[in-house]
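Below is one structure; the comments refer to it alone.
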Amino acid sequence: MSVRAIQYLLASVFLVLGGWCLISPASVMALTITPAFQTDAPIVPILVGAFGAQALIAGLFAAFSKFTKTTFLAYGIALLPFFVFDYWFFAVVPMLTPLGLADAVGNVIMLALCVMGWRKAERA
């Protein structure tokens with residue numbers, strides 16, 4: 001698989017999950033947040049949508065930038081705190097539903113792609 005294909009796959013995680021947040025923030029809340037933490041405050045859909053918009057921008061950068069070995073390494077390192085976030089809000093403070101762990105799955109996929117890209121870029 002080429003470095004560019006790896007970048008597109010990395011971008012797709014951002015685009016799919018970010019797009020969901022932007023297009024349907026209410027369903028994101030209903031399906032990924034436990035009832036005890038759900039709210040109908042009018043600011044919440046705006047915040048979820050803004051989060052999604054930021055993810056879409058990250059996905060566009062991932063798709064249309066030229067990744068080097070260092071870029072893949074930096075992305076991979078930057079993902080690590082998100083695993084702590086997912087663990088904390090699923091196991092310690094049970095805010096995320098099992099479907100809310102789609103974020104963790106996306107992070108695992110992106111981390112694996114960063115490793116693949118780093119290895120591939122190293123050989124190029």
Side-chain angles (χ1 to χ4, degrees):
M1 185 180 321
S2 71
V3 170
R4 183 57 107 190
I6 294 168
Q7 281 183 238
Y8 289 147
L9 290 172
L10 187 68
S12 71
V13 176
F14 283 109
L15 297 173
V16 168
L17 294 177
W20 179 29
C21 289
L22 183 62
I23 292 169
S24 187
S27 75
V28 171
M29 280 292 296
L31 297 172
T32 66
I33 306 298
T34 57
F37 291 95
Q38 290 182 12
T39 177
D40 57 359
I43 191 70
V44 173
I46 294 167
L47 295 173
V48 173
F51 175 78
Q54 290 293 322
L56 290 174
I57 291 170
L60 291 172
F61 275 116
F64 295 104
S65 298
K66 181 177 168 130
F67 275 35
T68 65
K69 180 179 171 181
T70 304
T71 311
F72 283 111
L73 178 64
Y75 253 78
I77 291 170
L79 286 169
L80 298 178
F82 290 94
F83 290 102
V84 175
F85 171 90
D86 291 326
Y87 169 78
W88 185 265
F89 288 109
F90 185 76
V92 179
V93 178
M95 185 179 286
L96 296 175
T97 66
L99 185 57
L101 290 179
D103 182 66
V105 172
N107 292 333
V108 168
I109 292 167
M110 290 191 293
L111 186 59
L113 289 167
C114 285
V115 170
M116 289 172 55
W118 183 81
R119 288 180 178 160
K120 187 72 168 185
E122 185 176 44
R123 286 184 241 145

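Note: hydrogens, waters and symmetry copies are ignored here, and every other heavy atom, side chains too, is used. The structure presented is a predicted model; accordingly, all values stated were derived computationally and were not measured.
Within a 6.0 Å radius of CZ in Phe83, more than 12 heavy atoms belonging to other residues, nucleotides or ligands are found. With a 6.0 Å radius and a threshold of 12 heavy atoms from other residues, nucleotides or ligands, Phe89 has its CZ atom above the threshold. The local environment of CZ in Phe82 is sparse, with at most 12 non-hydrogen atoms from other residues, nucleotides or ligands closer than 6.0 Å. Counted within 6.0 Å of CG on Leu47, heavy atoms from surrounding residues, nucleotides or ligands total more than 12; the atom is thus considered enclosed.
The shortest side-chain heavy-atom distance between Leu96 and Ile33 falls under the 4.5 Å cut-off. Two residues are said to be in side-chain contact when any heavy atoms from C-beta on lie closer than 4.5 Å; Val44 and Pro25 fail this criterion.
Between Lys120 and Ser2, the closest heavy-atom pair is CE-CA, 4.3 Å. Here the shortest heavy-atom pairing between Ala55 and Phe14 reads O-CB, 3.3 Å. Residues Ala78 and Pro81 approach most closely at O-CD, 3.3 Å, considering heavy atoms. Across all non-hydrogen atoms, the minimal contact from Ala53 to Leu22 is CB-CD1, 4.3 Å. Closest approach of Phe37 to Met29, counting heavy atoms only: O-CE, 4.5 Å. Taking each heavy atom of Gly76 and Cys114 in turn, the nearest pair found is N-SG, 3.6 Å.
Proximity of a side-chain donor or acceptor of Gln7 to a complementary backbone N or O of Lys66 within less than 3.5 Å is not detected. One N or O on the side chain of Arg4 and one on the backbone of Ala63 form a donor-acceptor pair closer than 3.5 Å. In this structure a side-chain-to-backbone donor-acceptor pair under 3.5 Å is present from Thr34 to Met95.
Rounding to the nearest 0.5 angstrom, the gap separating the CE atom in Met116 from the CZ atom in Phe72 is 9.0 Å. Here Leu31 contributes atom CG and Ser24 contributes atom OG; the two are 8.0 Å apart, rounded to the nearest 0.5 Å. Expressed to the nearest 0.5 Å, how far CD1 of Ile109 lies from CG of Leu79 amounts to 11.5 Å. Atoms CG and CD1, from Leu15 and Ile57 in turn, are 11.0 Å apart once rounded to the nearest 0.5 Å. Rounding to the nearest 0.5 Å places CG of Leu56 at 10.5 Å from CZ of Phe51. Taking CD from Gln38 and OG1 from Thr97, the interatomic distance works out to 8.5 Å, rounded to the nearest 0.5 Å.
Cluster membership check: Val108 shares its hydrophobic cluster with Leu73, using side-chain heavy-atom separations under 4.5 Å among Ile, Leu, Val, Met, Phe, Trp and Tyr. Both Val28 and Phe85 sit in one connected hydrophobic cluster of ILVMFWY residues. Membership requires side-chain heavy atoms under 4.5 Å apart, directly or through other members. Hydrophobic clustering, with ILVMFWY side chains joined whenever heavy atoms are under 4.5 angstrom apart, groups Val48 together with Leu99. Phe61 and Leu9 are members of different hydrophobic clusters when ILVMFWY side chains are connected at heavy-atom separations under 4.5 Å. Following chains of ILVMFWY side-chain contacts shorter than 4.5 Å, one can reach Leu80 starting from Val105, so the two form part of one hydrophobic cluster.
Phe67 and Tyr75 have tilted rings, their planes meeting at an angle from 30° to 60° on a 0 to 90° scale.
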